[in-house]
Amino acid sequence: MLVPLAGGWNPLLGRLALDQIPYNNPILAPLFVVVALGALALIALITYYHKWGYLWKEWLTTVDHKKLGVMYIIIGLVMLFRGFVDGLMIRTQQVWANGPDSSGVFGAVHGYLTPFHFGQVYSAHGLIMILLAATPLLVGFMNIIVPIQVGARDMAYPYLNALGLWITAAGAALIMASLFIGDFSHNGWFGYAPLFEIQYSPGVGVDYWIWTLELLALGTSLGGINIIATIVKMRAPGMSWFKLPIFTWASLSANIIALTSFPALQLALALVASDRYLGSHFFTAGLGGNLMLYTNLFWIWGHPEVYFVILPAFGMMSEIFPVFSEKPLFGYITMVAASFAIAGVSWLVWLHHFFTMGAGPEVNSFFSIATMLVGIPTGVKVFNWAFTMYRGRLTFSAAMLWAIGALFLLLVGGLTGMMLAIPAINYMVHNSVFVVAHFHSMLLVIVYAVFGSVIFWFPKVFGFKLDEYWAKVMFWLFSAGTVGVFVPMYMLGFMGETRRLDYVFNTAWHPYLVAEEIGIFLYCLSVVAFFVLLYVSIRDRVKNQVGQDAWGTSRSLEWLTHSPVPFYNFAVIPHINERDEVAWRRQHGLVQKQPEKYLDIHMPNNTGMALYIGALTFVLAFALTWRIWWLCLGSLVAIIALMIVRSFQGDAGYIIPAAEVERMEKEALAREARIQTGAHPLPAGGRPVPGEAIAYERQDKL
Amino acid sequence: MSAHSSTDPKTAVLWDTHDHGHDVISTRTFGFFLYLLSDGMIFATLFAAYGVLSYSHSYAAGPTPASFVHPWYTFLQTVALFLSVLAYGMGMGGLKRGSKSGLLSGLLAAFVLGVVFLGLDIHDMMDLADHGITIMTSGGTSAFIFLTQTHAAHIFFGLVWIAVMILQVMIQGFTTDTVGRLLSLRMFWHMQAIIWVFVYIFVYLWGYMS
Ligand code: HEM
Ligand SMILES: [Cu+2]
């Protein structure tokens, strides 16, 4: 039943052999040394400071949604960095390999990357940025914020939450493994049928791609179930649907998309795997296969996926604007309706990714109009944010700057998307870097919203603020980089540069490519600024401590509990009275009011099981990639066995007695009082630092 | 909007000092229902792919379902699966009465009938392979086999789950955990039967007639 393979195979190691390790590759081998040394240094440091126990007890076995969320965000940031380095490599190759006279090194005729290697770099870049940077970053924030915003002690299924994290981590590990063991796919992040069939891509690259995506799809679906159930089932008393904080609404709409669309991806890739492993003919060029079936299936997931990542980003922006405008969100109901409208329409537009398939005017018109319809709810959102700021008391803090930057990018990306939605234009620029610039504008909305949220919610999770000055330096460098890279890219798109070129033939484009290179250099500087930001903020953490309401103007429920949030979230679950509960309590002087009595709290126990199962999914995916059948079977059986063991154990959880809760609360309140009496980092008038805070007095007498 | 609040701040309840808590079983079954939704999407997509790959050219001039499906044979599978679901439902009647033996006998019957279903399926596949019809034959047979065997794989995991539940109820009795799982498993088992209806109609009956 199994397909014949080009190259060796043996029962013990499958396709794995020594020559699959790129020890003679001039780029990968040194990188491997660096990574290995880094890992050794980390292990040595942890051992030296005796932190293994801490790491195990507090992080690796945790089921606390905040810690899991932090780990999601760390994975997201690390992979964002990896993806960024890929991007840097792509840009450098293009500016170098420009014109027939350009030089070549490391075995490449032009530039420094061979076409095969270049293909792997851009494929990994796309996959990583969408599924291992944007997605975990957003899932991480949903994990941290949603349960607190709905007034729950944890997610609906804390253990499943840990499982989702470790499966995602397994996906990250798998794609990282492809760097040093074998190759990665060179088929683009979405895969071209039938190029990914085993005849044309005989190596393991496509298999890495399949199983990485499958792991990530699984992890994200599990997370989606959890977040939906948390929102539907775990809301605090009094929190009716239209008192739900807006980020929670956004998370709900996004995860409904995830839950219904990821199965399409899982299936599409399972069919690719079936072709490659079992020799079926779903997408082959002959024997009844259908190439466009794959492209349809992929984008039936792919388009909803892009809304799955943008909707939470919209939700983040909807949280940031009101707080720094000192006004409630404008048009809350329409904002919710718009989210769901976008989610709904996102199902009906997938074909705009291949208008050029030639489906005919009726089909293309339908999908063109459907795509343009998305612009309506998106426009509603843009105006709502604008009206939120309109006549507000604006504070241009770093978080606010990132949110405003996101708004501008959304405009650029949305309008170019509208252009692409017109088939006549699309035929001109499809597969050009214009499309690349479009979706980077869009995905950068997410990056901006995420950095804004990192600054916005950091004090909630860690109890101190990030340094405003360096956050702003980073913002401006990053934005300069965005302009530098993507404005020339739009232009090149119009001039006809196609995407994914490892060699750019037209020397007239050189100035633009140089401009893009300068842009990516500015991005590099912003990465440096980010590390400085982290260093400075951690150094000054005592000075920058904050109480529960870090910004003084916060609105939603997460600001009602202490910063950092205690592991049980709320000593007593709050009763919700208003939509912007914290703003309402502040307005009526109720924020300081503590509950009269405390109750026992029931919490779930930590478990290593999720970590073991996650690790086994990595083994399974790795064994499948290399076709090590005994290991596949072994790890699959082990996974099922562990699940059964877990189901027999169950988890009764444990009780924190009321007296203990009271003691911890007293401690937290004492800390709060200390911070209040000390120098509050954001005095009412704003510090006289240039650009720090511009407070407008309202003139109107409404 | 919320600037003019409707709640009187003087009398408003601020904390839930009675700790209402959340119903564990209904939370879990709701989550499992969501999982089934995504499982249903997998099948929906698979049916769409099957539809696309059931044009005559998809069979690459090879055998088409009209020549190799046997609706009467498959009807036996249908009967076995439906009886299995029925047995499970009667077992759940036992749960309602608090009768462990009632539940266990229902589950056992459901298990045996599920095994019969799976046995018939495997026999069918072997028979097809003997006639040279495998997943490698053509795009059309790939879709046929992948669809039916994805369903069969669900039945297999359902059987493993039923077996685990039989053991668990024998050892632990009716607890929050086991009852929640029995309810989820019931949803799962019903869902597979519903999907089978679609498989039977679209793949077997429709395939036989076209
Ligand atoms: C107003 C809303 C939007 C419209 C009208 C729109 C329209 C389009 C169209 C027509 C294409 C196909 C271009 C082509 O290949 O010829 C496209 C590609 C793409 N869009 Fe959008 N888009 C919108 C929003 C978004 C959002 C919110 C995201 C992501 C967050 C996004 C990400 C992408 C990606 C990733 C691709 C191309 C993927 C690839 O080919 O690799 N778009 N968009
Ligand atoms: Cu799209």
Side-chain angles (χ1 to χ4, degrees), chain A residues 1 156-157 160 221 224-226 228-229 232-234 236-238 259-264 266-268 271 274-275 278-282 284 286-290 293 296-297 300 328 332 572-575 577-580 583-585 587-588 590 593 595-597 599 602 640 644 647-648 650, chain B residues 1-3 5-7 9-10 12-23 26-28 30-31 34-35 37-42 44-46 48-49 52-53 55 57-60 62 134-143 145-146 150 157 160 164 167-168 171-172 175-177 181:
Chain A
M1 276 275 279
Y157 323 109
L160 187 72
S221 309
I225 292 176
N226 218 334
I228 297 176
V232 172
K233 287 286 187 184
M234 310 289 280
L259 190 65
T260 44
S261 71
F262 269 93
Q266 287 174 322
L267 182 81
L271 299 185
S274 165
D275 276 8
L278 306 174
S280 57
H281 292 282
F282 287 102
T284 53
L287 284 174
N290 189 325
L293 176 62
N296 274 284
L297 287 182
I300 283 175
Y332 169 92
V572 175
I573 297 295
H575 189 283
N577 300 287
E578 288 295 320
R579 181 176 296 158
D580 286 340
W584 177 78
R585 289 194 187 195
Q587 196 182 341
H588 296 286
L590 300 173
K593 252 194 160 161
E596 310 85 61
K597 61 166 188 165
L599 306 169
H602 181 216
I640 294 170
I644 293 174
S647 89
F648 273 91
Chain B
M1 210 178 290
S2 58
S5 58
S6 47
T7 324
K10 294 197 190 65
V13 184
L14 296 183
W15 306 99
D16 178 32
T17 33
H18 304 292
D19 198 356
H20 289 85
H22 305 280
D23 178 3
S26 101
T27 304
R28 288 192 188 163
F30 176 69
L34 291 178
Y35 159 73
L37 209 69
S38 84
D39 200 38
M41 289 304 296
I42 289 192
T45 321
L46 196 45
V52 170
L53 290 178
Y55 289 99
H57 62 253
S58 307
Y59 297 95
T134 68
I135 201 164
M136 298 166 117
T137 311
S138 68
T141 63
S142 298
I145 291 180
F146 200 96
T150 302
F157 283 106
V160 173
V164 169
L167 271 182
Q168 220 161 58
I171 297 169
Q172 300 179 346
T175 65
T176 308
D177 279 351
R181 286 179 196 134

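Numbered from 1 within each chain, the chains take letters A, B, ... in sequence-line order.
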Novice: With a 4.5 angstrom heavy-atom cut-off, could you sort out which part of A/Ser261 is near chain B: side chain, backbone, both or neither?
Specialist: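 No part of it gets close to chain B.
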Novice: So which atom in B/Ala49 and which in A/Leu297 form the shortest heavy-atom distance, rounded to 0.1 Å?
Specialist: CB-CD1, 4.5 Å
Novice: I need the residue from A/Val232, A/Thr284, A/Asp275 with the largest number of non-hydrogen atom pairs under 4.5 Å to chain B.
Specialist: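 Among the listed options, the one with the most contacts to chain B is A/Val232.
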Novice: Please answer whether the main-chain N or O of B/Val13 pairs with a side-chain N or O of A/Asn577 as donor and acceptor at a distance below 3.5 Å.
Specialist: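 Confirmed, A/Asn577 side chain pairs with B/Val13 backbone.
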Novice: What do the steps show when you test B/Ile135 against A/Ser274 for side chain to side chain contact (heavy atoms under 4.5 Å, CB included), and what is the final call?
Specialist: CA-CA 9 Å; B/Ile135 201 164; A/Ser274 165; 3.8 Å; yes
Novice: So what's closer than 4.5 Å to chain A heavy atoms on B/Leu53: side chain, backbone, both or neither?
Specialist: side chain
Novice: Given a strict heavy-atom distance threshold of 4.5 Å, which part of A/Ile225 is in contact with chain B: side chain, backbone, both, or neither?
Specialist: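 It is both, since atoms from each part get that close.
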Novice: Give the C-alpha distance, both sets of side-chain angles, the deciding distance and a yes or no for side chain to side chain contact (heavy atoms under 4.5 Å, CB included) between B/Phe157 and A/Ile640.
Specialist: CA-CA 10 Å; B/Phe157 283 106; A/Ile640 294 170; 3.5 Å; yes
Novice: Need one label for B/Ile171: side chain, backbone, both or neither, based on atoms under 4.5 Å from any heavy atom in chain A.
Specialist: side chain
Novice: Return the OG1 to CG distance between B/Thr45 and A/Asn296, rounded to the nearest 0.5 Å.
Specialist: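 One finds 12.0 Å between OG1 of B/Thr45 and CG of A/Asn296.
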Novice: Could you walk me through whether B/Ser142 and A/His281 pass the side chain to side chain contact (heavy atoms under 4.5 Å, CB included) test, one step at a time?
Specialist: CA-CA 6 Å; B/Ser142 298; A/His281 292 282; 4.1 Å; yes
Novice: Can you tell me which residue among A/Thr260, A/Ile228, A/Asn226 is in a side-chain contact (heavy atoms from CB on, under 4.5 Å) with B/Leu34?
Specialist: A/Ile228
Novice: Using non-hydrogen atoms and a 4.5 Å limit, figure out which bit of A/Leu293 sits close to chain B: side chain, backbone, both or neither.
Specialist: side chain
Novice: Is it the backbone or the side chain of B/Leu37 that comes under 4.5 Å from a heavy atom of chain A, or both, or neither?
Specialist: side chain
Novice: Answer yes or no: does atom CZ of A/Phe648 have more than 12 heavy-atom neighbours from other residues, nucleotides or ligands under 6.0 Å?
Specialist: yes
Novice: Heavy-atom distances under 4.5 Å only: say whether B/Thr137 touches chain A with side chain, backbone, both or neither.
Specialist: backbone
Novice: Which one of B/Tyr59, B/Tyr35, B/Phe30, B/Tyr55 has the most heavy-atom pairs closer than 4.5 Å to chain A?
Specialist: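 Among B/Tyr59, B/Tyr35, B/Phe30, B/Tyr55, the one with the most close pairs to chain A is B/Phe30.
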Novice: Please tell me if the side chains of B/Phe146 and A/Leu267 come closer than 4.5 Å, counting only heavy atoms from C-beta onward.
Specialist: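 Side chain of B/Phe146 against side chain of A/Leu267, heavy atoms only: contact under 4.5 Å found.
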Novice: Hey, could you give me the CG/NE2 distance between B/Leu14 and A/His575, rounded to the nearest 0.5 Å?
Specialist: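 Going from the CG atom of B/Leu14 to the NE2 atom of A/His575 covers 9.5 Å.
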Novice: So how far is it from A/Glu596 CD to B/Trp15 CH2, rounded to the nearest 0.5 Å?
Specialist: 10.0 Å
Novice: Hey, could you give me the CD/CD1 distance between A/Gln266 and B/Ile42, rounded to the nearest 0.5 Å?
Specialist: 5.0 Å
Novice: Taking all atoms of both residues into account, what is the closest heavy-atom pair of B/Asp177 and A/Gly650, and its distance?
Specialist: OD2-CA, 3.7 Å
Novice: Where do A/Ser280 and B/Met136 land on the side chain to side chain contact (heavy atoms under 4.5 Å, CB included) test, with the steps shown first?
Specialist: CA-CA 4 Å; A/Ser280 57; B/Met136 298 166 117; over 6 Å; no
Novice: Does any backbone or side-chain atom of A/Ile300 lie under 4.5 Å from a heavy atom of chain B? Answer side chain, backbone, both or neither.
Specialist: neither
Novice: What part of B/Gln172 lies closer than 4.5 angstrom to a heavy atom of chain A: side chain, backbone, both or neither?
Specialist: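 Side chain of B/Gln172 only, per the 4.5 Å heavy-atom cut-off to chain A.
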Novice: Write down the atom of B/Gln168, the atom of A/Ser647, and the distance for their closest heavy-atom approach.
Specialist: NE2-OG, 2.8 Å
Novice: Sort out for me which of B/Leu167, B/Thr175, B/Leu46, B/Asp23 touches chain A most, counting heavy-atom pairs under 4.5 Å.
Specialist: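 Max contact count across the listed options: B/Leu46.
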